[in-house]
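Chain letters run A, B, ... following the sequence lines, proteins first, then strands; residues in each count from 1. The basis for the numbers below is simple: all heavy atoms, side chains too, and nothing from hydrogens, waters or symmetry mates.
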Amino acid sequence: MAYDPKSIEPRWQQYWDEQRTFRVTEDPARPKYYVLDMFPYPSGAGLHVGHPEGYTATDILARWKRMSGFNVLHPMGWDAFGLPAERAAEREGLHPALITQRNTDNFRRQIKRLGFSYDWEREINTSTPDYYRWTQWIFLRLMERGLAYRAEIPVNWCPALGTVLANEEVSPEGTYKETGDPVERRLMTQWMLRITRYAERLITDLDLLDWPEPVKKMQRDWIGKSYGAEIDFAVADADERFTVFTTRPDTLFGVTWCVLAPEHPLVLRITTAAQRAKVEAYIEKSSRKSERDRKAEAEEKTGVDTGAHARHPLTGELLPIWIADYVLAGYGTGAIMAVPAHDTRDHAFARTFALSVKPVVRAVEADAATELPFTGDGIAINSGPYDGLATAEFKERVSADLEKRGVGRQRVQYALRDWLFSRQRYWGEPFPIVIGKDGEAVPLPDDALPVELPHLPDFRPTTDGRPPLARATDWLATRDPRGGEATRETNTMPQWAGSCWYYLRYLDPLNDKAPFDPAKERYWMPVDLYVGGTEHAVLHLLYARFWHKVLFDIGLVHTPEPFQKLFNQGMILAWSFQDGSGKYWHESDIEERDGQQVVKSTGAAVTTRIEKMSKSRLNVVNPDDIIDAYGADSMRLYEMFMGPLDATKPWQTRGMEGVHRFLQRAWRLWFAGDEDALSAQIVDEPADTETLRTLHKTIAGVTEDLEAMRFNTAISKLMELVNHLTAAPQRPRAVLEEFLLLLAPFCPHFAEEVWHRTGHEGSISTARWPAADPALLVDDRMTIPVSVNGKLRTKLDVPMDADEASIKALALADLGVQRHLGGGTVKKVIYVPGRMLNIVVVGGA
RNA sequence: GCUCACGUAGCCCAAUUGGCAGAGGCAGGGGACUUAAAAUCCCCCGAGUGUGGGUUCGACCCCCACCGUGAGCACCA
């Protein structure tokens with residue numbers, strides 16, 4: 001029969017399920033390989049073609065590694081807690097648990113249709129009590145170590161969502177990254193995780209990892225380490241002092257005023273009576289400002305003079321003290337020394353309020369007409385005893401001097417803030433915490449876990465910031481482990497909680513005594529390869545690393561880092577078609593007329609563009625449709641054939657047809673026409689030398705490409721082999737078999753089907769990966785291109801072992817070459833062994 | 001504005017890292033098969049590598065400047 005994925009694929013998927021083909025357990029006799037996909041949030045929209053891109057890549061690697069003798073752990077699960085389910089639940093009037101159930105069922109169905117070799121017996125779901133029991137358990141460990149605490153702090157409150165958000169979830173424009181809803185600042189009591197305590201290790205341990213450099217850079221930048229100094233300023237005529245942080249202590253002589261953040265505790269104590277009204281008004285106004293407003297006004301600086309003055313720690317000069325909201329309460333000490341000549345923000349501020357500017361650094365270059373603000377390094381001027389010092393030296397010297405006088409010290413500062421860890425939403429992990437009569441947050445004992453999420457008919461957020469769980473009256477009232485009554489904590493954990501440790505639960509998903517068995521952890525960890533999108537470069541990957549380090553410190557895991565190698569797959573885009581009026585059309589409504597893309601029905605010309613897939617652009621590709629039309633193996637193949645895995649690239653359904661044709665052609669190597677019988681061209685004789693060479697080059701090439709994750713070129717090599725075999729009059733059975741093994745990781749259903757039709761037992765996924773014979777990889781002759789003055793003039797066909805002298809002689813004797821030498825003098829002959837020969841000639845015609 | 005990627009046939013992409021610009025696929029043209037068409041098979045066409053300089057015997061590859069696309073960062077003192 002002809003190649004028919006529709007009948008083949010479901011059969012093999014069922015076979016793998018029934019035979020539990022991909023179930024794994026620890027096996028000390030074999031090397032392990034843990035290959036992990038970033039598990040999906042099961043959204044209502046179902047799978048889009050971007051999901052299977054990464055999943056296909058890891059599946060190919062998992063299958064290849066298995067065939068190469070590795071014990072492969074390849075699991076899948078669901079990041080199932082989170083806001084979107086709640087929002088969908090509100091829209092549809094269903095409970096979030098039902099929505100989540102429905103969506104995970106759909107995702108599982110779609111993923112299974114692609115024939116991935118997951119060990120489904122390890123499937124996890126972060127929203128089940130069996131799982132979040134251990135999320136809560138880890139939270140208790142964090143608490144024991146003083147890494148979780150409650151604090152009243154200004155937080156990012158999103159009114160549209162009715163919850164607070166972490167810094168990492170808020171865009172620079174002051175909106176929620178996911179939905180674009182505006183975010184305000186509010187003072188609230190919230191749970192925080194002390195990720196800042198791990199800032200240094202989160203930076204240095206990046207060096208241990210095989211991760212893309214841009215991702216490492218994003219993490220380093222987010223943590224934002226900077227070296228500088230703290231300098232103490234006394235307030236004149238008062239027994240008060242404040243400390244500033246600066247990375248430029250060398251500009252200390254250029255300070256012309258100081259600025260405190262509006263929230264700085266000292267502000268109201270030092271403000272003079274004359275300025276008090278203005279200062280209070282400014283504080284009031286800036287406390288109400290959203291992040292968005294603050295950023296929008298970044299250009300025009302605002303602020304108010306407190307009327308108070310500070311004493312310069314070295315010169316004793318009097319410096320006005322201002323408050324301004326360009327100084328952030330949460331960074332450094334919440335106070336700065338303003339050096340308008342050498343800081344762009346201070347400079348802008350000086351211009352707005354006509355404050356004085358004093359240059360203290362000049363550029364090293366001769367043209368000393370330095371334009372202000374000059375923020376580079378240079379030579380000190382107007383700096384008393386320090387004049388003439390270079391910036392770096394000045395910093396050292398002045399920090400030491402300040403320290404000696406007790407008014408300053410060197411200091412390392414991180415931009416990273418503690419992680420805001422509570423949300424005022426329903427669909428998340430409850431905290432294993434009760435609030436006692438005395439208002440204390442009391443951790444529950446381990447045996448009280450899990451604290452189950454109560455079933456709430458009305459789970460919507462409240463407008464006043466009280467979490468929905470506050471409505472669960474029966475659930476709320478409980479006992480204080482210290483004795484007496486207590487109420488439960490009503491906040492829930494953020495969506496990131498469950499994904500902070502899921503890769504560990506896969507190791508031992510059914511364990512009800514511990515999050516996982518330490519012996520299993522020692523066998524499987526770390527994750528050898530982690531594949532997912534760049535959108536998690538900071539959030540998930542930073543949080544997970546933080547938790548992992550805490551678990552490492554407790555002794556629960558044996559590696560300092562969870563994910564040894566990280567790979568980011570690129571985004572899949574699609575062509576869109578937009579007519580002159582801006583209306584989008586679906587690809588099926590478009591045709592080409594006279595080299596111009598037009599709308600079939602109206603004839604209107606359209607502009608074609610490669611854009612992100614979205615419903616509004618009518619360019620979304622649904623994996624179900626593709627599988628219906630071409631089969632899962634073709635889809636897998638195309639996902640990989642489109643281009644390099646990490647590249648952003650457009651989906652083209654035409655390209656699908658190309659790889660589908662390749663599979664049909666491959667099928668015909670065995671089965672001609674509609675016959676079930678094997679092709680008469682298949683022979684049991686040994687292959688000719690050329691075929692053997694082609695085969696072994698393919699084996700070597702595909703293996704190398706898989707090692708380097710170059711799936712697109714691996715597939716093109718398989719295509720070459722098929723083209724060769726198609727053209728050959730005879731097809732040696734042994735060669736076909738090796739080809740089938742090479743194809744198996746890419747197109748597993750196809751491979752199983754042919755494997756069994758050609759008389760094999762058992763799954764091809766347990767067969768051995770072919771080995772290339774080195775003897776067959778070298779040709780006995782080679783072609784050496786010969787150029788004269790860099791221009792290609794002829795090619796020489798010589799034996800592989802021809803030596804340099806004979807090749808040179810041959811080249812110089814060549815008639816074509818002689819003609820191009822034109823009687824000139826041969827100045828030099830460059831021979832690159834096995835590659836090419838270049839003759840440099842001067843003079844001549 | 002700053003930083004980092006990427007610009008190769010009509011399109012998606014290769015090119016052993018400084019050595020023959022083409023592996024593969026799509027589209028296009030021709031032929032075979034067919035009453036015809038589809039499918040299939042065979043053959044063919046096609047760029048000098050975004051632009052301008054530089055280094056080199058030799059540059060898609062290295063350096064400089066510019067243009068375009070994409071991503072990230074952007075009051076962090």
Quick one: [X] [atom1] to [N] [atom2], roughly how many Å, whole number?
{"X": "Asn723(A)", "N": "G24(B)", "atom1": "CG", "atom2": "C1'", "answer": "8 Å"}
{"X": "Asn712(A)", "N": "A15(B)", "atom1": "CG", "atom2": "P", "answer": "8 Å"}
{"X": "Phe711(A)", "N": "G25(B)", "atom1": "CZ", "atom2": "P", "answer": "20 Å"}
{"X": "Arg668(A)", "N": "C33(B)", "atom1": "CZ", "atom2": "C1'", "answer": "14 Å"}
{"X": "Arg793(A)", "N": "C20(B)", "atom1": "CZ", "atom2": "P", "answer": "16 Å"}
{"X": "Tyr638(A)", "N": "C26(B)", "atom1": "OH", "atom2": "P", "answer": "12 Å"}
{"X": "Ile610(A)", "N": "G70(B)", "atom1": "CD1", "atom2": "P", "answer": "11 Å"}
{"X": "Glu720(A)", "N": "C13(B)", "atom1": "CD", "atom2": "P", "answer": "19 Å"}

Given [options], which nucleotide is nearest the side-chain atoms of [X]?
{"X": "Ser716(A)", "options": "C20(B), A77(B), A23(B)", "value": "A23(B)"}
{"X": "Phe641(A)", "options": "G24(B), G72(B), A27(B)", "value": "G24(B)"}
{"X": "Val327(A)", "options": "C20(B), A77(B), G25(B)", "value": "A77(B)"}
{"X": "Arg665(A)", "options": "C41(B), C12(B), A77(B)", "value": "C41(B)"}
{"X": "Thr713(A)", "options": "A14(B), A77(B), C75(B)", "value": "A14(B)"}
{"X": "Pro644(A)", "options": "A23(B), C75(B), C13(B)", "value": "C13(B)"}

Want to settle it: does Ala727(A) or Val659(A) sit nearer the 5' end of RNA chain B, counting the closest nucleotide to each?
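Its nearest nucleotide being more 5', the pick is Val659(A).
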By nearest heavy atom, map Met337(A) and Lys649(A) onto RNA chain B; which one lands nearer the 5' end?
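Of the two residues, Lys649(A) wins.
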Kindly indicate whether the side chain of Lys301(A) and the base of C75(B) share any N or O donor-acceptor pair separated by less than 3.5 Å?
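Present.
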Looking only at N and O atoms, is any donor in the side chain of Lys795(A) or the base of C20(B) less than 3.5 Å from an acceptor on the other one?
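Yes.
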Establish, yes or no, whether the cationic atom of Lys301(A) lies under 6.0 Å from the six-membered ring centre of Phe349(A) and within 45° of the ring axis.
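Output no; distance or angle outside limits.
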Quick check on U17(B): syn or anti? Syn means the glycosidic torsion is within 90 degrees of zero.
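The base of U17(B) is oriented syn (glycosidic angle within 90° of 0).
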If anything within 90° of 0 is syn and all else is anti, what is G10(B)?
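For G10(B), whose glycosidic angle is more than 90° from 0, the conformation is anti.
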Does a side-chain N or O of Ser226(A) approach OP1 or OP2 of A77(B) to a distance below 4.0 Å, or not?
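The answer is yes; a side-chain N or O of Ser226(A) sits under 4.0 Å from OP1 or OP2.
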Spacing of the P atoms in G24(B) and C44(B) (rounded, Å):
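Between the two P atoms, the distance is 12 Å.
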Name the nucleic acid region contacted by Lys827(A), choosing base, sugar-phosphate or nothing; use a 4.0 angstrom heavy-atom cut-off, strictly under.
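The residue Lys827(A) makes no contact with any strand.
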